[in-house]
Visitor: 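Input: one structure, supplied below.
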There are 2 protein chains.
Amino acid sequence: MLKATAQGIATRERILDAAFDTLRQDGFANTSARAVARRGGFNQALIFYHYGNLIGLLLAAMDRVGEQRRLRYEEVLGGPGNPIEFASRARLLYAEDVDSGHSTVVAELFAASSGNPELREQMLARMKPWLEFTERLLERFLAGSPFASLVDVRAAAGAVLSLYLGMDLLIHLDGDRSRATAMFDAGERLAATVEPLFGGDPR
Amino acid sequence: MLKATAQGIATRERILDAAFDTLRQDGFANTSARAVARRGGFNQALIFYHYGNLIGLLLAAMDRVGEQRRLRYEEVLGGPGNPIEFASRARLLYAEDVDSGHSTVVAELFAASSGNPELREQMLARMKPWLEFTERLLERFLAGSPFASLVDVRAAAGAVLSLYLGMDLLIHLDGDRSRATAMFDAGERLAATVEPLFGGDPR
DNA sequence: GTCTATACTTGGATAGAC
DNA sequence: GTCTATCCAAGTATAGAC
């Protein structure tokens, strides 16, 4: 939006970076316009000039990496593969999200959305594609397996997203990723166990 | 703490109620001392007199029902039962937590703890018993089943807690519990499927 | 134990100079 | 497009009267 001068664009990027980092490191409750400006070393008024208000900025900060992540997920998980490969790819993607702070930013905004109708609405719209993507993935995977009739994809997709969010909260409580690692280990073991039941590569 | 007059106790209870309700309905970011006092119809200064500071109050509000819940969980899940019974009891307990707002209050404080070291420390201490309880439960259940060697109880307990927290966030995003209901339906179907593999009642 | 009053701080947002 | 200055609202916390 607004005029797209070179300087303007650069500043907008700096603001997004600062917002993302503040949200990640200080949490939603401490992410004020002033805190973001302090971190980024720019003037606080710029936030309102460029993004209208605070949550507009926070959503934009989440969206910028969020869209990249969607493409990455589709690319990595969209191709053929057996359950074992699938499990190890999911672990990789999740590790990227934790390392980049994306999962944290998402979880923070998710939790904060309960107290802000505008934020909630925006978050809901952004989560829908993820839920649908997960459902499509599960459907494709289950097709031709003996679990197809047993698994409710809608429920399973909800469980996957819940796990994603909850794991991030848990990781940050004690700053320990070993529990998350153990969960993915378990996932890979499970995948190896059921693998023989899947007939060839799906898709 | 402090003097325990009848009036003082009653006021402390009112403050706890108001804090719990505010946290539940307005979210952590909107739960100020003034907001709590407005809701409860008492003076804002009473919070500091009785609980020292805001997060002291919020923790106390969570603890009051949290301890009751721990006992209830131990009572309901601690007895013997097969996987099918176990799944339906878990659904009942979770529904109670959602209806009472307990899961919401816990998830709010969980998410907020990333931005507040004192809160984080307190939450960590409170979550440990739950993790241990879940691990004990899983261990007891898996003993004698063919899954004993396959499942890492530490990882599984983390997954259960993550699901618990994440499901609450998801429920509040669209105000729709049907997805959570579908997850428990799926859990019960899964329990019915593996049930024959469990030899008799555990314990 | 409870209330009023208040000191102090932080934050969202805007106006207007540059 | 960016900065300074500023208004105003809201919050934490304390002092002291009752």
Side-chain angles (χ1 to χ4, degrees), chain A residues 1-23 25-61 108-109 112-113 115-120 122, chain B residues 1-19 21-23 25-61 108-109 112-113 115-119 122:
Chain A
M1 324 124 187
L2 302 174
K3 216 44 164 305
T5 69
Q7 190 189 9
I9 292 174
T11 299
R12 286 170 64 87
E13 291 293 310
R14 284 180 61 205
I15 296 175
L16 288 180
D17 283 339
F20 187 93
D21 292 346
T22 307
L23 208 39
Q25 295 179 26
D26 301 342
F28 179 83
N30 299 352
T31 302
S32 63
R34 295 183 129 101
V36 172
R38 264 195 303 273
R39 180 179 292 269
F42 49 80
N43 194 283
Q44 164 250 359
L46 285 174
I47 288 173
F48 302 97
Y49 174 74
H50 283 293
Y51 295 98
N53 58 29
L54 234 202
I55 75 163
L57 167 60
L58 302 185
L59 285 168
E108 283 292 322
L109 291 181
S113 71
N116 185 324
E118 180 189 351
L119 180 56
R120 200 178 81 160
Q122 296 294 320
Chain B
M1 323 119 188
L2 304 172
K3 215 48 162 303
T5 70
Q7 189 189 11
I9 292 174
T11 299
R12 287 170 62 88
E13 291 293 309
R14 285 180 61 205
I15 296 175
L16 289 179
D17 284 339
D21 292 346
T22 307
L23 208 40
Q25 294 179 26
D26 301 342
F28 179 82
N30 298 33
T31 301
S32 63
R34 294 184 126 99
V36 172
R38 264 194 302 274
R39 180 180 292 271
F42 49 81
N43 194 285
Q44 164 250 0
L46 284 174
I47 288 173
F48 302 97
Y49 173 74
H50 283 294
Y51 295 98
N53 58 29
L54 234 201
I55 73 164
L57 167 61
L58 302 185
L59 285 169
E108 284 292 321
L109 292 181
S113 71
N116 186 323
E118 179 189 352
L119 180 56
Q122 297 294 321

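In what follows, every heavy atom counts, from backbone to side chain, and hydrogens, waters and symmetry copies are set aside. Quick note on labels: first sequence line is chain A, next is B, and so on, each numbered from 1.
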Visitor: Considering heavy-atom distances to DNA chain C, does L54(A) or L46(B) have its closest nucleotide positioned more toward the 5' end?
Guide: L46(B)

Visitor: Identify whether NZ of Lys or CZ of Arg in R39(A) sits under 6.0 Å from the centre of the six-membered ring of F20(A) and within 45° of that ring's axis.
Guide: no

Visitor: Decide side chain to side chain contact (heavy atoms under 4.5 Å, CB included) for Y49(B) and T11(B); before the verdict, give the C-alpha distance in whole Å, the side-chain angles of both, and the deciding distance to 0.1 Å.
Guide: CA-CA 11 Å; Y49(B) 173 74; T11(B) 299; over 6 Å; no

Visitor: Please report the distance, rounded to the nearest Å, between CD1 in I9(B) and P in dG1(C).
Guide: 8 Å

Visitor: Classify A33(A) by what it touches in the nucleic acid, base, sugar-phosphate, or nothing, heavy-atom distance under 4.0 Å.
Guide: sugar-phosphate

Visitor: Determine: side-chain N/O of N53(A) to OP1/OP2 of dG12(C), distance under 4.0 Å, yes or no.
Guide: no

Visitor: Taking the side chain of H50(A) as heavy atoms from C-beta outward, which of dT2(D), dA13(D), dT4(D) is closest to it?
Guide: dT2(D)

Visitor: Do the non-hydrogen side-chain atoms of V36(A) and F42(A) ever get within less than 4.5 Å of each other?
Guide: yes

Visitor: Categorize I47(B) for me: base, sugar-phosphate, or nothing, with a 4.0 angstrom heavy-atom threshold over every strand shown.
Guide: nothing

Visitor: Heavy atoms, side chains only, cut-off 4.5 Å: are L16(B) and L57(B) in contact?
Guide: yes

Visitor: From the options dC3(D), dG1(C), dC3(C), select the nucleotide whose nearest atom is closest to the side chain of N43(A).
Guide: dC3(D)

Visitor: Between F42(A) and R34(A), which residue's closest nucleotide on DNA chain D lies nearer the 5′ terminus?
Guide: F42(A)

Visitor: E13(A) CD to dG1(D) C1': how many Å, rounded?
Guide: 16 Å

Visitor: Below the 4.0 Å mark, does dG11(D) have OP1 or OP2 next to a side-chain nitrogen or oxygen of Q44(B)?
Guide: no

Visitor: Rounded to the nearest Å, what distance is computed from the CZ atom of residue R14(B) to the P atom of nucleotide dG1(C)?
Guide: 14 Å

Visitor: Give the rounded distance in Å between these two atoms: CZ of F48(A) and P of dT4(D).
Guide: 16 Å

Visitor: Using a cut-off of strictly less than 4.0 Å, decide whether T11(B) has a side-chain nitrogen or oxygen near OP1 or OP2 of dG1(C).
Guide: no

Visitor: Write down the distance between OH (Y51(B)) and P (dG1(C)), rounded to a whole number of angstrom.
Guide: 11 Å

Visitor: Find the distance R38(A):CZ to dG11(C):C1' and express it as a whole number of Å.
Guide: 10 Å

Visitor: Checking all strands, does A45(B) fall into the base, sugar-phosphate, or nothing category for heavy-atom contacts under 4.0 angstrom?
Guide: base

Visitor: Tell me, with the steps shown, if L58(B) and F28(B) meet side chain to side chain contact (heavy atoms under 4.5 Å, CB included).
Guide: CA-CA 9 Å; L58(B) 302 185; F28(B) 179 82; 3.9 Å; yes

Visitor: Tell me the interatomic distance from I15(A), atom CD1, to dG1(D), atom C1', rounded to whole angstroms.
Guide: 10 Å

Visitor: May I have the distance from Y49(B) (atom OH) to dA17(D) (atom C1'), rounded to whole angstrom?
Guide: 15 Å

